[in-house]
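Values below: all heavy atoms of this structure, side chains included; hydrogens, waters and symmetry mates excluded.
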Amino acid sequence: ASKSGEGKRSEVNELRTLLRNPDVQRDVKRYRDVVEKITFYQTLGIDVSELFSDMVLACATRDLVQKKLVYLYLSSYAQSNTDLTLLTINTLQKDCRDSNPLIRGLALRAMCGLRVPNLVEYVLDPLRSGLSDRSPYVRQTAVMGCVKLYYLDQSYITDNNLADSLSSMLHDKDPQVVANAVIALEEVLSARGGMMLTQDIAYTLLNRLKEFTEWNQSAVMGVLLRYTPADPDEAFDILNILDERLKHSNTGVVLAAARLFLHLTSGMEDMQPDIFDRLKVPLITLMSSSPPEISYTILHHIHVLVNRQPSVFAKDYKAFYCRVTDPGYVKMKKLDIMVNIANADNYSRITEELAAYVTDIDVELARRAVNCVGQIAIKLPESTSACIVILLAFLELQSDYVTAEAVIVMRDLLRTIPDEADELIPQLFELIDPDMFEDEPASKAAIVWLLGQYGDLLEDAPYILEPWIDGVEDEASPDVRLQLLTSTVKLFFKRPPEMQKMLGRLLESVTENEMNQDVHDRALLYYRLLTTSPDETKRVVDAELPITEAAVSDSDFEAAFKEFNTLSVVYGQPSLNFTVQTPPYCTMGQVDPAKALSQAHQQGQDDDSEAEEGQLVDTSTFQQNNTLPLVEKPHLSPPEFEKIWVGNEVSAVVKDVLAGVPTTSTADEIERALLRSGIVMMASSPPQNNTIKFYFYAQEVGTGAFHLLEATLELDSRMLSANIKSTTQESSPIFAMVVRQTLANGNLIDMM
C-alpha cells in the first residue's frame with residue numbers, strides 16, 4: 001500500500017509540474033488534457049487535493065470544457081481547502097458577469113456548490129443577480145442555488161427574503177425556471193409544510209403543466225395535491241385541464257394525474273364510478289404496452305382501484321389474461337385482479353382462463369390458478385357448482401402439485417357449502433391417493449381434516465387414517481400431527497368401534513414420545529377431556545366451524561389508496577411502515593449503535609470483554625451470531641492488501657468526531673486502540689493539508705476473511721471517517737461496529 005501511495009504521489013507531482021510548465025500553459029489543448037487527467041484521477045478516488053492552488057489558476061480560461069472540469073474540481077475539494085478557496089471567489093464572481101450565459105451559469109453553480117460557510121456572503125450577490133438574469137439557464141441555476149444555500153445556512157434565505165424572490169419566479173416565462181422554483185420553494189419552506197398554494201398559483205401551474213418536462217409535471221402535480229377547490233365546479237374545471245395528462249405516454253405523469261383526479265373527487269361519492277371509468281383506459285393501456293417491471297407497478301395501482309370499484313373493471317377482464325411473455329410476478333398479480341373483478345356475468349370465462357393456467361409449466365402459477373378458482377367459488381355462490389366441476393377435473397389430471405392444491409381448496413369450499421359434502425366427499429376420495437401427499441404437509445393436513453369432519457360419509461375413513469396414526473412418530477410436520485389428533489377424536493365419536501383402539505394408540509404415542517410442546521399439550525387435553533367427560537369432549541371437537549370467506553384486506557387497500565402513486569401501493573402497507581426506522585439497524589455508510597448498546601447492557605453483556613465487542617447490532621443472518629472474533633496477530637503483505645482493496649467495493653463506512661482535540665499523539669493512540677482488538681496498521685501518511693490517512697487490516701477467526709480499512713482524520717474538524725472493504729460482505733457492518741466500540745473503549749470517540 002505504501003509503494004502504491006508513493007506511485008500516486010509521484011503522478012500527482014508530475015501533474016503539478018505540467019500545470020506549472022509555461023509551454024503547456026501556452027498550448028490550450030495540452031493544458032486542457034492535463035486538467036482532464038486530473039479529473040480522471042479524481043473519479044478514480046485518487047487524492048489530487050494538493051493541486052488545488054494550481055487548479056485555481058486553471059479556471060482563468062475562455063475554454064468552456066476546461067472551465068467545467070475546473071469548477072467540478074473546485075466544488076469537490078473546496079471544503080478541505082477553505083483558505084485557498086477564497087482565491088477562487090474573484091474569478092468566479094467575474095465569470096458570473098461574463099457575456100456568455102453558459103459561463104455565468106457554470107460559475108454560479110460552482111459558487112453555490114463550494115459548501116464553505118465562510119464564503120456564503122460572497123455567493124449572495126451573484127445569486128440575486130442570477131435570479132433576474134436574462135438567460136433562462138442562469139435563472140434555473142440560481143433557483144437551485146437557493147436550495148444549496150438553504151442547506152448551508154438557512155438564515156440567509158429568511159434574512160434576505162429569497163423565498164419571496166423564488167415565489168416571483170413562479171410566473172417566469174421559462175417553464176424549467178417555474179418548475180425549479182416550485183421544487184426549491186418546497187425545500188426551503190418545508191418547515192411550514194411547503195409553498196402556499198393560492199388559486200392564482202394553482203391555476204398558473206395547471207395551465208402551464210404541458211410545458212414542463214415529464215419529471216417536473218409529476219413533481220408539480222404532487223404539489224397540487226395540497227390545493228382544495230372552492231366548489232365542485234372549480235374541481236371539474238381542473239379535471240378538464242388534467243384530462244390531457246391521462247393521455248401521456250409516461251407512466252409517472254399518468255399516475256400523478258390519476259392521484260390528483262382521485263384527490264379532487266374524494267368527497268364526491270356519486271362521481272367515483274365515472275372517475276374510475278375515466279382512469280381505467282389509460283391505466284390498462286399503459287399496463288399492456290409497458291415493460292414488465294412497469295406493468296407490475298401499474299397492476300398494483302389497478303388492484304387498489306379494483307378493490308374500491310370492481311364493477312368498473314369487470315367488463316375488461318380479458319385485459320388481465322396472462323401472456324406467454326409475462327414474467328411470473330406479473331401473472332400472479334393478474335390472477336389476483338381477476339378474482340376481484342369476477343362477477344355473475346364473467347366468472348365462467350374467467351374460470352375457463354384460470355383452468356388453462358393449471359397445465360402451465362410454472363408450478364407456482366398452476367397452484368395459484370387452482371386457488372383462484374376456489375376463491376371465486378367462495379366469493380360468488382352462483383359459481384360454486386361450476387367451480388366444483390372444474391376442481392374435480394383438476395384432480396383427474398393426476399398431477400401431484402395440482403391435486404395437492406385442489407384438496408386444500410376443497411377443504412375451504414366445504415366449510416362454505418357443507419351441504420354438498422354428501423355428494424362431493426365420495427367423488428373426491430375416488431380421484432385422489434392419500435399416499436401422494438407425503439411431501440405436501442398442508443395438503444395432507446387438509447385430507448386429515450376431511451376424514452375427521454366427514455368420515456361418516458366414507459366407509460374406509462378409519463382405515464385411511466390408521467397408517468398415519470401408527471406412523472405419527474415419523475411425521476415431520478407438527479401441523480399434520482395436530483390435525484391428526486383432532487380428526488381422530490372427531491372420527492371416534494362418529495365411528496367408535498373402529499376408532500377406539502386407534503385413538504388409544506395415538507394418544508399413548510404422542511403423550512409419551514412427542515417433542516413438540518403444542519402437539520403434546522393437545523394430546524393431554526384430549527386425554528383428560530375423554531377421561532373426565534366424553535360428552536364435553538364431543539362438544540369441543542364438533543363445535544360449529546366459521547364459514548370460510550374470501551380474504552380481503554380492506555385496511556391495506558385503504559392505506560394504499562390514500563398514498564396512490566407511491567411505494568405504499570406496491571408494498572401494500574402505509575409508508576410509515578418502511579420509511580421510519582428505529583435502531584438498532586445498519587445501512588451502508590450509517591451505523592447507529594446507541595439502542596443496540598443499551599440492549600446489550602440489558603441482556604447482561606460485559607462491554608469490557610473483547611470477545612463480546614461484536615454483540616452490538618442485530619446480526620441474526622451472520623454465522624458467528626453476534627460475535628466477530630479476530631486473529632490476534634494477522635499477517636497480510638502490502639501486495640496482498642492492495643489486491644484485496646482494488647478487487648472489492650466499499651461495504652461499510654464509519655464516521656465519527658473525536659472526543660478531544662487532536663494532538664501529535666492522536667495517531668499513535670488510534671493505532672494502539674485498534675491493535676488491542678487485532679486491527680493492525682499497514683501504513684499511514686504524515687499530516688498533509690491538516691489530514692492524516694491510515695490503512696488497517698484484520699482477519700476473522702475461523703473463516704479467515706480479511707477486513708481492510710482506509711481511515712482519514714481531518715485535524716481541523718476532528719472528523720474521523722473510514723471506508724471498509726471486506727472479502728466477506730456479510731460481516732462488514734459488524735466489523736464497523738467493532739471498530740467504533742474499540743475507539744470508544746479507548747476514549748477516542750463518544751458513541752452515545
Where is the tightest heavy-atom contact between [X] and [Y], given as atom of each residue plus distance?
X    : Y    : value
L166 : A181 : O-CB, 3.8 Å
S721 : K655 : CB-CG, 3.9 Å
C387 : I376 : SG-CG2, 4.3 Å
V653 : N723 : CG2-OD1, 3.8 Å
N346 : A314 : ND2-O, 3.1 Å
V569 : A560 : CG2-O, 3.6 Å

Checking side-chain polar atoms at under 3.5 Å, does [X] have a donor or acceptor matched by the opposite partner on [Y]?
X    : Y    : value
Q42  : S76  : yes
Q199 : E234 : yes
Y357 : E353 : yes
T213 : N216 : yes

Assess whether atom CE of M268 is packed by more than 12 heavy atoms of other residues, nucleotides or ligands within 6.0 Å.
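Atom CE in M268 is packed in, count exceeds 12.
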For the NZ atom on K68, are there more than 12 heavy atoms of other groups (residues, nucleotides or ligands in this structure) within a distance under 6.0 Å?
no
Spatial distance of atom [atom1] ([X]) from atom [atom2] ([Y]) [nearest 0.5 Å]:
X    : Y    : atom1 : atom2 : result
I298 : E293 : CD1   : CD    : 11.5 Å
S732 : E649 : OG    : CD    : 12.0 Å
D336 : I341 : CG    : CD1   : 11.5 Å
L149 : C112 : CG    : SG    : 7.0 Å
D174 : E211 : CG    : CD    : 9.0 Å
L225 : L262 : CG    : CG    : 10.0 Å

Is [X] salt-bridged to [Y], cutoff N-O under 4.0 Å?
X    : Y    : value
R415 : D412 : no
K280 : D277 : yes
E186 : R226 : yes

Under 4.5 Å between any side-chain heavy atoms of [X] and [Y], yes or no?
X    : Y    : result
L108 : D133 : no
E187 : Y151 : yes
K334 : L299 : yes
K331 : Y321 : no
L92  : Y71  : yes
T85  : L119 : yes
M287 : F320 : yes
T384 : T416 : no

Return yes if some donor-acceptor pair links the side-chain N/O of [X] with the main-chain N/O of [Y] below 3.5 Å, else return no.
X    : Y    : answer
Q217 : V253 : no
R104 : D98  : yes
R208 : K173 : yes
T141 : R109 : no
R115 : Q79  : no
D326 : R323 : yes
N161 : I157 : no
N160 : L162 : no
K379 : A342 : yes
S383 : Y347 : no

Test M271 against F236 for side chain to side chain contact (heavy atoms under 4.5 Å, CB included), laying out the working first.
CA-CA 11 Å; M271 290 292 299; F236 292 139; 3.9 Å; yes
Give the C-alpha distance, both sets of side-chain angles, the deciding distance and a yes or no for side chain to side chain contact (heavy atoms under 4.5 Å, CB included) between L283 and L305.
CA-CA 11 Å; L283 290 177; L305 300 180; 3.5 Å; yes
Under the criterion salt bridge (charged side-chain N to carboxylate O under 4.0 Å, His left out), I'd like the reasoning laid out for D95 against K67: C-alpha separation, chi angles, the key distance, then a yes or no.
CA-CA 10 Å; D95 285 348; K67 273 189 179 294; 2.7 Å; yes
Worked verdict on K210 versus R245 for side chain to side chain contact (heavy atoms under 4.5 Å, CB included)
CA-CA 8 Å; K210 61 183 178 182; R245 298 301 92 203; 3.4 Å; yes
Candidate pair D200 and T198, rule side-chain hydrogen bond (donor to acceptor under 3.5 Å, both in side chains), full reasoning
CA-CA 5 Å; D200 178 54; T198 63; 5.1 Å; no
Verdict with supporting geometry, L209 and L242, side chain to side chain contact (heavy atoms under 4.5 Å, CB included)
CA-CA 9 Å; L209 203 54; L242 291 173; 3.9 Å; yes
Using the side-chain contact (heavy atoms from CB on, under 4.5 Å) definition, which of the options I241, L246, L239 pairs with D243?
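It is L246; the other options fail the test.
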Should the pair R308 and F276 be classed as cation-pi, given the thresholds of under 6.0 Å to the six-membered ring centre and 45° from the axis?
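Not satisfied by the 6.0 Å and 45° rule.
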Given F564, which partner from the list H263, H301, H300 fulfils the ring pair (Phe, Tyr, Trp, His ring centres under 6.0 Å) test?
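Result: among H263, H301, H300, H301 is the only option passing the ring pair (Phe, Tyr, Trp, His ring centres under 6.0 Å) with F564.
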